[in-house]
Amino acid sequence: RALNTFQRLTVGYGYQPARVLWLLAVLLVLVTGSLLVPAGQKSLRAASQSGVVYTTRGPLRTAAPGPGGTASRTTATAGSGTDACGGGQVRCFNAVLYAIDTVVPLVSLDQRATWYPDSQAPGGTFMQWWLNAATVLGWLLSSIFVLALAGLAKSA
């Protein structure tokens with residue numbers, strides 16, 4: 001019964017494959033929204049080939065070791081001489097392109113390969129789970145769309 005309801009809601013028993021595109025669009029909007037909020041952006045990191053770590057606002061620098069010998073991490077100031085992308089050292093962050101790269105399978109815009117949620121950052125672990133879940137949902141919905149378009153999702 002659950003599979004029957006799921007099929008009816010997503011592709012209308014294979015006769016309305018465009019329905020699933022609306023679900024993909026909603027998923028894209030949700031992922032984009034989560035990447036536009038400051039908390040979502042603060043959890044993202046990218047590393048250049050030289051090993052410099054960047055946030056969406058610019059380079060991340062390691063401060064001098066604090067008490068206990070651990071280094072505290074702070075973002076570099078705006079006057080550090082480079083833009084948020086390190087003058088081309090890393091691909092600039094774009095929330096919409098990142099969402100497309102995450103949700104739509106077989107499309108690689110190199111946003112997800114460049115930027116990753118840092119589990120050490122506030123909200124980073126949640127963002128990892130959320131983006132991975134969005135990737136799985138994107139694959140599932142896209143597969144359902146292709147199957148419905150090919151006529152393989154019609155009810156018997």
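Scope of the values below: all heavy atoms of this structure, side chains included, with no hydrogens, waters or symmetry mates. Index from 1, following the sequence. Note that the coordinates shown come from a computational prediction; the quantities given were computed from them, not determined experimentally.
- Scanning both residues, Y98 and P117, for their nearest heavy atoms gives OH-CD, 4.1 Å.
- Atom-to-atom distance recorded for K42:NZ and T55:OG1 is 10.0 Å, nearest 0.5 angstrom.
- The two residues M127 and G40 make their nearest non-hydrogen contact at CE-CA, 3.2 Å.
- Once rounded to the nearest 0.5 Å, the distance linking CD1 of I100 with OG1 of T32 reads 7.0 Å.
- Looking at Q111, its side chain never comes within 3.5 Å of a backbone N or O of L97 through a donor-acceptor pair.
- L106 has its side chain within reach of W139: a pair of non-hydrogen atoms, C-beta onward, lies under 4.5 Å apart.
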*For side chain to side chain contact (heavy atoms under 4.5 Å, CB included), just list the numbers for L35 and Q41, CA-CA rounded to whole Å, side-chain angles, deciding distance to a tenth of an Å, and then say yes or no.*
CA-CA 6 Å; L35 294 167; Q41 288 189 7; 5.6 Å; no
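- A donor-acceptor pair is defined here as one N or O able to donate and one able to accept, closer than 3.5 Å; no such pair exists between the side chain of D118 and the backbone of S43.
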*Should W130 and V31 be marked as a side chain to side chain contact (heavy atoms under 4.5 Å, CB included) after you check the CA-CA gap, both sets of side-chain angles, and the distance that decides it?*
CA-CA 8 Å; W130 163 237; V31 171; 3.7 Å; yes
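- The heavy-atom pair separating D101 from V107 by the smallest distance is OD1-O, 3.0 Å.
- Taking OH of Y116 as the reference point, atom CG of L44 lies at 10.0 Å (rounded to 0.5 Å).
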_Audit row: Q128, S119, side chain to side chain contact (heavy atoms under 4.5 Å, CB included) steps and yes/no_ = CA-CA 7 Å; Q128 281 178 339; S119 60; 4.0 Å; yes
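- Between P59 and V52, the shortest heavy-atom distance links the atoms CB-CG1, 4.3 Å.
- Tracing side-chain contacts under 4.5 Å through hydrophobic residues (I, L, V, M, F, W, Y), one reaches L21 starting from L28; they form part of the same cluster.
- Rounding to the nearest 0.5 Å gives a distance of 5.0 Å between CZ of R112 and CG of L131.
- Taking 4.5 Å as the limit, some side-chain heavy atom of T56 sits within range of a side-chain heavy atom of W115.
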*asked:* Show, in sequence, the C-alpha distance, side-chain angles and deciding distance for T125 and W129, and conclude whether the side chain to side chain contact (heavy atoms under 4.5 Å, CB included) test is met.
replied: CA-CA 6 Å; T125 302; W129 281 97; 3.9 Å; yes
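- C85 places none of its side-chain heavy atoms less than 4.5 Å from the side chain of Y54.
- Rounded to the nearest 0.5 angstrom, L140 CG and L23 CG are separated by 10.0 Å.
- Contact record, L27 with G138: CD2-N, 3.7 Å, taken as the closest heavy-atom pair.
- Under the 4.5 Å side-chain heavy-atom criterion for ILVMFWY residues, a single connected hydrophobic cluster contains both V96 and V26.
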